[in-house]
Number of protein chains: 2
Amino acid sequence: MDIDHPEVNVLQAEFRALPDVLYQSLRESILNGSLPPGSELRQELIAKQFGVSRVPVREALSRLQAEGLIILRPRRGFAVTSLDLAEIIEVFELRMVLEQHALETATRLRTESDVLAVEALLTAMESLDPQAEGYLPAWLDVNREFHNRLIASARRQRLSTLTINLRDTIEPYVRIESYFTGQVDDAAAEHRALFAAFKDRDATRAGEISRDHCLGSMNRLVDSIRRHGLSPVMMTPKKSRRAR
Amino acid sequence: MDIDHPEVNVLQAEFRALPDVLYQSLRESILNGSLPPGSELRQELIAKQFGVSRVPVREALSRLQAEGLIILRPRRGFAVTSLDLAEIIEVFELRMVLEQHALETATRLRTESDVLAVEALLTAMESLDPQAEGYLPAWLDVNREFHNRLIASARRQRLSTLTINLRDTIEPYVRIESYFTGQVDDAAAEHRALFAAFKDRDATRAGEISRDHCLGSMNRLVDSIRRHGLSPVMMTPKKSRRAR
DNA sequence: TTTCCATAAATCGTATACAAAATCGGCGGC
DNA sequence: GCCGCCGATTTTGTATACGATTTATGGAAA
């Protein structure tokens, strides 16, 4: 029996270079709101914070750009993507189509262990104390894992990546919304219904619930934006002196 | 009247840096088969060919990687993505879902000029001489533009990008298949039917035709692969001396 | 005081340089 | 004759350096 086991996945996980670390860290900062939409990303600053040069920083930024999380203004640097209402709605449209398909496939192909894992996340989500400190971010995290685990049951790598990507794109806006409303658990019943259909292998119904769930999330967010605007923190109050 | 006009779009188009040129060129080479799946991409070689350093090359490669067209083996360089049959089918599944949705939306939102532009591409495609030199690649190019133009009528930027991306991912395999079969125009009737539904604003029907069209393309390609394998040129006959 | 322009500082994009790892070759052992 | 090991070469990944462009600053003129 060999002791040292340079497994393939270990190699891929362990040996990932600096750009990957930077990519993950920056991505997380964007998703959890530390870098709100509109923030400018100074390469030198990021490089210093991580103790590296600007080269791997640029590589990580390139990836985030291809993913759509940040945009590049030539010669003017990167900035966190700031979506307007129409773009947010478009992302939700895509999520509706893809997640309906994903849940149909997942429900058809799921195993027993999928059901157990999803149920564990569901009960974890439900048993969070709404009064506890940091409830909202914790709920959002578990909610995210719940949906990811459901979709992962479809065993479709690209489908999973795409769907997660789209959800992450609007995650900052959902998080900001949650600070206004202070509520997130409007969809508790939908989650239970979705899990029931998933468990009962009712693929069509699971797909429909998932699509409607997306639609509900979209409506809540759009309403909130219509009421509160796109949140002051998103607007970069840059004084543009010259129109030029 | 000012002579020098540093227009915004000029800045964005003209001033696009080297990575963009490299990205486009490499992307084209992958799609048209110059760089078949499995090809290894040596940074130094590419840099020399374009007369630049490796830095912008790496940036272009990063983007292609995020797009899924190439993969990175850490410390072992980039290579053109080589899909197995299951992955090809997964991409087609996604295309079916997304293109059905895209055509429904496009048919609902299309304008008269959309119809004219699409029709022009359709007739251009039909009027190509099957006996002419270079017919197959030309047909594939026009066909690509035809579908892109249809989807662009939906006026959904992300949807268009995603769909085009997915089609491009399997484009090399379709091109290779066409060399075996020597035929590509099996779908001429489908194209006409799709255009008719598009013109008649029959969104549901347009979506269905599009999905079925995808399905047909998939079946033809899968059949071809089952008969001929994934083409010898795709297999990188690397002798892996050490498992380690 | 406001506007304009020139100069300075900051920032980006790319080239070059260097260290670490992988690949390729030959060599010896079995 | 085949397998495994060791050094040279290649290739990657990162740091540093430098020119070009943008943004900020300060002073002079209206």
Side-chain angles (χ1 to χ4, degrees), chain A residues 2 4 6 8 10-26 38-65 70-80 236-244, chain B residues 2 4 6-8 10-26 38-66 70-80 236-244:
Chain A
D2 25 17
D4 56 334
V8 174
V10 171
L11 278 175
Q12 285 184 341
E14 193 85 76
F15 231 62
R16 292 298 252 187
L18 288 184
D20 230 40
V21 178
L22 300 175
Y23 165 80
Q24 301 244 358
S25 181
L26 289 171
S39 307
E40 298 186 354
L41 301 167
R42 294 286 145 66
Q43 302 173 7
E44 190 79 37
L45 179 63
I46 297 171
K48 239 166 214 165
Q49 285 174 341
F50 286 89
V52 297
S53 84
R54 276 171 39 221
V55 177
V57 171
R58 284 184 65 83
E59 197 155 318
L61 293 176
S62 284
R63 281 208 249 167
L64 290 168
Q65 181 198 7
I70 66 177
I71 59 170
L72 168 61
R73 296 90 41 93
R75 292 275 178 194
R76 295 189 56 202
F78 294 86
V80 179
T236 39
K238 296 292 284 187
K239 47 190 174 188
S240 58
R241 298 209 314 166
R242 295 188 291 190
R244 173 157 171 76
Chain B
D2 26 15
D4 56 334
E7 295 285 341
V8 173
V10 171
L11 279 177
Q12 285 185 340
E14 192 87 74
F15 228 62
R16 285 304 251 186
L18 291 182
D20 230 41
V21 179
L22 302 174
Y23 165 81
Q24 301 247 357
S25 181
L26 289 171
S39 307
E40 298 186 354
L41 302 166
R42 295 285 145 67
Q43 302 173 8
E44 189 79 34
L45 179 63
I46 297 170
K48 238 167 216 162
Q49 285 174 342
F50 287 89
V52 298
S53 83
R54 275 172 39 220
V55 176
V57 172
R58 285 184 64 84
E59 196 154 321
L61 293 176
S62 284
R63 282 209 248 169
L64 290 168
Q65 180 198 9
I70 65 178
I71 59 169
L72 169 62
R73 295 92 38 98
R75 294 275 179 195
R76 295 189 56 202
F78 294 86
V80 179
T236 38
K238 297 292 285 186
K239 46 189 174 185
S240 59
R241 298 209 310 165
R242 295 186 291 188
R244 178 162 165 71

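To find a chain, count down the sequence lines: A is the first, B the second, and so on, and within it residues start at 1. Side-chain atoms are counted along with the backbone in the values below, which use heavy atoms only and exclude waters and symmetry mates.
Between A/L72 atom CG and A/L41 atom CG the span is 10.5 Å, to the nearest 0.5 Å. Separating the CZ atom in B/R58 from the CZ atom in A/R58 is a distance of 12.5 Å, to the nearest 0.5 Å.
In this structure, the CZ atom of B/R42 is 10 Å from the P atom of C/dT23, given to the nearest Å. The separation between B/R73 atom CZ and C/dA22 atom P is 12 Å, rounded to whole Å. Per the geometry, CG belonging to A/L22 stands 14 Å off P belonging to D/dG13, to the nearest Å. We find that CG of A/L18 is positioned 13 Å from P of D/dT16, with the value rounded to whole Å.
Sorted by residue number, the members of residues 46-59 of chain B with any non-hydrogen atom under 4.0 Å from DNA chain C read B/V52, B/S53, B/V55, B/P56.
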Report all side-chain donor-acceptor pairs from residues 43-53 of chain B shorter than 3.5 Å, counting only partners two or more places apart or in another chain.
unit_1	atom_1	unit_2	atom_2	d
B/Q43	OE1	B/R54	NE	3.2
B/S53	OG	B/V55	N	3.3

Requested in this report: Take B/L26 and B/L61 through the test side chain to side chain contact (heavy atoms under 4.5 Å, CB included) and record every step on the way to the result.
Outcome: CA-CA 8 Å; B/L26 289 171; B/L61 293 176; 3.9 Å; yes
Report task. I would like to know whether A/Q65 and A/F78 meet side chain to side chain contact (heavy atoms under 4.5 Å, CB included); could you show each step before the answer? Result -> CA-CA 8 Å; A/Q65 181 198 7; A/F78 294 86; 4.0 Å; yes
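A pairwise comparison of heavy atoms in A/L22 and A/A60 identifies CB-CB, 3.7 Å as the closest pair. The two residues A/S62 and B/R63 come nearest to each other via the heavy atoms O-CG, 4.5 Å.
Residue A/Q43 has a polar side-chain atom (N or O) positioned under 4.0 Å from OP1 or OP2 of C/dG13.
No contact: B/L61 has no heavy atom under 4.0 Å from any strand. When heavy atoms are screened at a 4.0 angstrom cut-off, B/L41 is found touching the sugar-phosphate backbone but no base atom.
Considering only side-chain atoms of A/R75, the nucleotide from C/dC12, D/dA15, C/dA15 that sits closest is C/dC12. Of the candidates C/dA21, C/dG13, C/dT14, C/dG13 carries the atom nearest the A/F78 side chain, counting heavy atoms from C-beta on.
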Query raised in the report: Given pairs defined as Watson-Crick or G-U wobble with both distances under 3.5 Å, what dot-bracket annotation applies to DNA chain D, with ( ) intrastrand, [ ] crossing, | other strand and . unpaired?
Result: ||||||||||||||||||||||||||||||
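Side-chain atoms of A/S25 never come within 3.5 Å of backbone atoms of A/V21 as a donor-acceptor pair (strictly under, hydrogens ignored).
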